[in-house]
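Counting begins at 1 with the first residue of the sequence. This structure is a prediction, so every number in the text was calculated from the model and none was measured.
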Amino acid sequence: VQLQAFGGGLVQAGDSLRLSCAASGRTLSMYYMAWFRQAPGKEREFVARISWSDSSTNYADSVKGRFIISRDNAKNTVYLQMGSLKPEDTAVYYCAADLYWKIVAGTPNYWGQGTQVTVSS
């Protein structure tokens, strides 16, 4: 599975931004897709995940109600719509893919290259 993430940038607090992750390679129907992020000096953390098969989703408490993860099966692309952005959302955002338990464990085998999101106050 190859993953390419797009869409990061510099925004102001309260703004919105949409990240995209284009997937290719192996059949994705068995996989979950997820977004993780890593802020400077901090450990990587889970942000959101979505199933390719039934679109079930899950979010970190820190982004619940502000971020929406979705997918477009025809384009093999997963999106992360981020709203009401806060300075603490500043991080490198990575998309990832793997089986459910690998995503939940935070150890997926397939990663995109990361895209920087910077939120100014």
Indicate yes or no: at least one non-hydrogen side-chain atom of Met82 is less than 4.5 angstrom from one of Ser16.
no
Specify the closest pair of heavy atoms between Val1 and Ala97, including all atoms of both residues, with the distance to one decimal.
CG1-CB, 4.4 Å
Heavy-atom closest pair (Val92 atom, Gln116 atom, distance to 0.1 Å) is CG2-OE1, 3.2 Å
Quickly, which of Phe6, Trp35, Tyr94 forms a side chain to side chain contact (heavy atoms under 4.5 Å, CB included) with Leu19? Name it, please.
Trp35
Please name the pair of heavy atoms, one in Ala34 and one in Ile103, separated by the smallest distance, quoted to 0.1 Å.
CB-CG2, 3.8 Å
Keeping Arg37 on the side-chain end and Ala91 on the backbone end, is there a donor-acceptor pair under 3.5 Å?
no
Could you walk me through whether Phe36 and Gln38 pass the side-chain contact (heavy atoms from CB on, under 4.5 Å) test, one step at a time?
CA-CA 7 Å; Phe36 292 80; Gln38 187 166 21; over 6 Å; no
Please check if Leu85 and Leu10 belong to a single hydrophobic cluster, counting links between Ile, Leu, Val, Met, Phe, Trp and Tyr side chain heavy atoms closer than 4.5 Å.
no
Give the intermediate values and the outcome of side-chain contact (heavy atoms from CB on, under 4.5 Å) for residues Cys21 and Gln4.
CA-CA 5 Å; Cys21 177; Gln4 279 195 302; over 6 Å; no
In this structure, CZ of Phe67 is separated from OG1 of Thr57 (nearest 0.5 Å) by 14.0 Å
Start with the C-alpha distance between Lys102 and Val104, add both sets of side-chain angles, then the distance that settles side-chain contact (heavy atoms from CB on, under 4.5 Å), and finish with yes or no.
CA-CA 5 Å; Lys102 295 283 285 182; Val104 170; over 6 Å; no
Do NZ/NE/NH1/NH2 and the carboxylate oxygens of Asp89 and Lys86 come within less than 4.0 Å?
no
One pair to check against side-chain contact (heavy atoms from CB on, under 4.5 Å): Ile50 and Val78. What are the steps and the verdict?
CA-CA 8 Å; Ile50 186 168; Val78 173; 4.1 Å; yes
Indicate yes or no for a side-chain donor-acceptor contact from Asp98 to the backbone of Asn109 under 3.5 Å, with no hydrogens or angles considered.
yes
Could you grab the distance from atom CD of Gln81 to atom OG of Ser20, nearest 0.5 Å is fine?
9.5 Å
Under 3.5 Å, is there a donor-acceptor pair linking the side chains of Glu88 and Thr90?
no
Quick one: pull up OH in Tyr100 and OG in Ser53 and give me the separation to the nearest 0.5 Å.
12.0 Å
Atom of Val117, atom of Gly8 and distance for their closest heavy-atom approach
CG2-CA, 4.1 Å
Polar contact flag, side-chain donor to acceptor under 3.5 angstrom, Tyr32-Arg49:
no
Minimum heavy-atom separation for Trp52 to Thr77, with atom names?
CH2-N, 3.7 Å
Between the OG atom in Ser84 and the CG atom in Asp15, the distance rounded to the nearest 0.5 Å is 9.5 Å
Reported OG-to-CD distance for the pair Ser120 and Gln12, which is rounded to 0.5 angstrom
5.0 Å
Do you reckon Met33 sits in the same ILVMFWY cluster as Tyr79, going by side-chain contacts under 4.5 Å, direct or chained?
no
Looking only at heavy atoms, which two atoms of Thr115 and Ala5 are closest? And how far apart?
CG2-CB, 4.3 Å
Residues, nucleotides or ligands: over 12 heavy atoms within 6.0 Å of Lys64 NZ
yes
Using only atom types and a distance under 3.5 Å, with no angle test, would you say the side chain of Tyr59 pairs donor to acceptor with the backbone of Ile69?
yes
